[in-house]
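Okay, structure first, notes after.
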Amino acid sequence: LTVTTGGSGSGTVNSTVPSSGLILCSWPRQSGDNCMTTLTYGTAVTLVAAPGSSSLATWSGCDSVDADFCSVTLTSDRTVSASFDLKPPVRIGAVYYGSLADAYLHAGSGAIMEAQAVTFLGDLLMNRGITVRVRGGFSSEYSTQPGYTLLQGKLIIGSGMVTVERLTVK
């Protein structure tokens, strides 16, 4: 069993197999990482991704995936990949979006859009007749609000109601 890791973020992969087949594989790679093990065919392995606080994990090569867990039964030599990518700059609950416009497009009435303290270029048209709250200035982990989100363009509210917090429009 071989585990590969990569991406724009950080994290680790651990296995549930006995110590003789322990997988402990990080991204970025760390000294002492063990990303390969030899096990008996038929062995069922669960790999657990632990993304860094500003990252999300995705898997490929698994028999099944459940959140950060990858299940594999070794019927042959296998390679599984974990990608740790930085969290996109906007979220609604636990769903992430690449832009304010995309998040607004998917928002339901009453949604709270949280945005990282980054700059978004272009106009934001809000005309769906819904009520949303935009909270800006979040850290990449979405745990604190150390700054402001900048919208470099126009904020156009055609219909509905929008409440903003820590959003600067230039």
Side-chain angles (χ1 to χ4, degrees), residues 3-15 23-31 33 35 46-62 64-71 80-170:
V3 175
T4 63
T5 54
S8 60
S10 64
T12 59
V13 173
N14 294 292
S15 64
I23 296 272
L24 177 56
C25 193
S26 304
W27 183 256
R29 288 289 171 86
Q30 304 289 321
S31 173
D33 274 1
C35 300
T46 300
L47 300 167
V48 182
S53 60
S54 60
S55 301
L56 298 171
T58 55
W59 289 102
S60 64
C62 306
S64 65
V65 175
D66 182 15
D68 290 332
F69 298 89
C70 164
S71 297
V80 173
S81 297
S83 181
F84 297 101
D85 292 306
L86 293 174
K87 291 177 180 175
V90 185
R91 75 176 184 182
I92 299 173
V95 180
Y96 294 86
Y97 301 94
S99 69
L100 290 168
D102 193 31
Y104 178 72
L105 179 67
H106 291 92
S109 193
I112 299 173
M113 297 169 43
E114 295 178 323
Q116 293 177 5
V118 297
T119 299
F120 293 95
L121 301 175
D123 298 339
L124 176 58
L125 174 60
M126 302 178 114
N127 65 350
R128 295 183 43 230
I130 62 174
T131 299
V132 295
R133 183 173 174 195
V134 180
R135 298 180 67 214
F138 281 91
S139 63
S140 60
E141 303 88 9
Y142 291 92
S143 58
T144 61
Q145 287 176 284
Y148 288 84
T149 299
L150 175 61
L151 174 61
Q152 200 156 2
K154 296 176 186 172
L155 174 60
I156 304 162
I157 303 168
S159 64
M161 186 168 78
V162 179
T163 304
V164 296
E165 172 187 323
R166 301 182 79 83
L167 176 70
T168 301
V169 180
K170 285 190 177 183

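Excluded from the calculations below are hydrogen atoms, water molecules and symmetry mates; all remaining heavy atoms, backbone and side chain alike, are included.
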statement: Taking every heavy atom of Tyr142 against every heavy atom of Val90, the minimum-distance pair comes out as OH-N, 3.1 Å

Reported OG-to-CH2 distance for the pair Ser81 and Trp27, which is rounded to 0.5 angstrom: 11.5 Å

Gly137 to Thr149 - nearest heavy-atom pair and separation: N-OG1, 2.8 Å

task: Kindly compute the distance separating CH2 (Trp59) from OG (Ser71), expressed to the nearest 0.5 Å.
output: 9.5 Å

- request: Please say which of Asp33, Thr12, Asn14 ends up in a side chain to side chain donor-acceptor pair (under 3.5 Å) with Ser26.
  value: Asp33

field: Minimum-distance pair of heavy atoms, taken over all atoms of Phe120 and Ala115
entry: CE1-CB, 4.3 Å

message: The test is side-chain contact (heavy atoms from CB on, under 4.5 Å); show your working for Tyr97 and Leu105 and say whether it passes.
response: CA-CA 10 Å; Tyr97 301 94; Leu105 179 67; over 6 Å; no

- prompt: Which atoms form the tightest heavy-atom contact between Gly98 and Pro89, and what is the distance?
  reply: O-CG, 3.5 Å

task: Drop me the distance from Met161's CE to Met126's CE, to the nearest 0.5 angstrom.
output: 12.0 Å

Asp85 side chain to Leu56 backbone, donor-acceptor under 3.5 Å: no

query: Hey, what do you get for CZ (Phe84) to OG1 (Thr5), rounding to the nearest 0.5 Å?
result: 7.0 Å

- request: Could you walk me through whether Leu155 and Leu124 pass side-chain contact (heavy atoms from CB on, under 4.5 Å), step by step?
  value: CA-CA 5 Å; Leu155 174 60; Leu124 176 58; 3.8 Å; yes

message: Quick check: do Tyr104 and Ile130 have side-chain heavy atoms less than 4.5 Å from each other?
response: yes

Flag side-chain contact, heavy atom, 4.5 Å: Pro51 against Asp68: yes

message: If you compare all heavy atoms of Gly9 against all heavy atoms of Pro28, which two are closest, and at what distance to 0.1 Å?
response: O-CD, 4.3 Å

query: Between the main-chain N or O of Leu86 and the side-chain N or O of Ser8, is there a donor-acceptor pair closer than 3.5 Å?
result: yes

- prompt: Rounded to the nearest 0.5 Å, what separation is found between the NE2 atom of His106 and the CE atom of Met113?
  reply: 11.5 Å

message: If we check side chain to side chain contact (heavy atoms under 4.5 Å, CB included) with Val164, which of these qualifies: Val134, Leu151, Val132?
response: Val134

- request: Please name the pair of heavy atoms, one in Val13 and one in Ala82, separated by the smallest distance, quoted to 0.1 Å.
  value: CG2-CB, 3.7 Å

message: Under the criterion side-chain contact (heavy atoms from CB on, under 4.5 Å), I'd like the reasoning laid out for Lys87 against Gln116: C-alpha separation, chi angles, the key distance, then a yes or no.
response: CA-CA 10 Å; Lys87 291 177 180 175; Gln116 293 177 5; 4.2 Å; yes

Close side-chain approach of Tyr148 to Leu150, heavy-atom, < 4.5 Å: no

- request: Calculate, to the nearest 0.5 Å, the distance between atoms OG1 and CZ belonging to Thr163 and Arg135 respectively.
  value: 12.0 Å

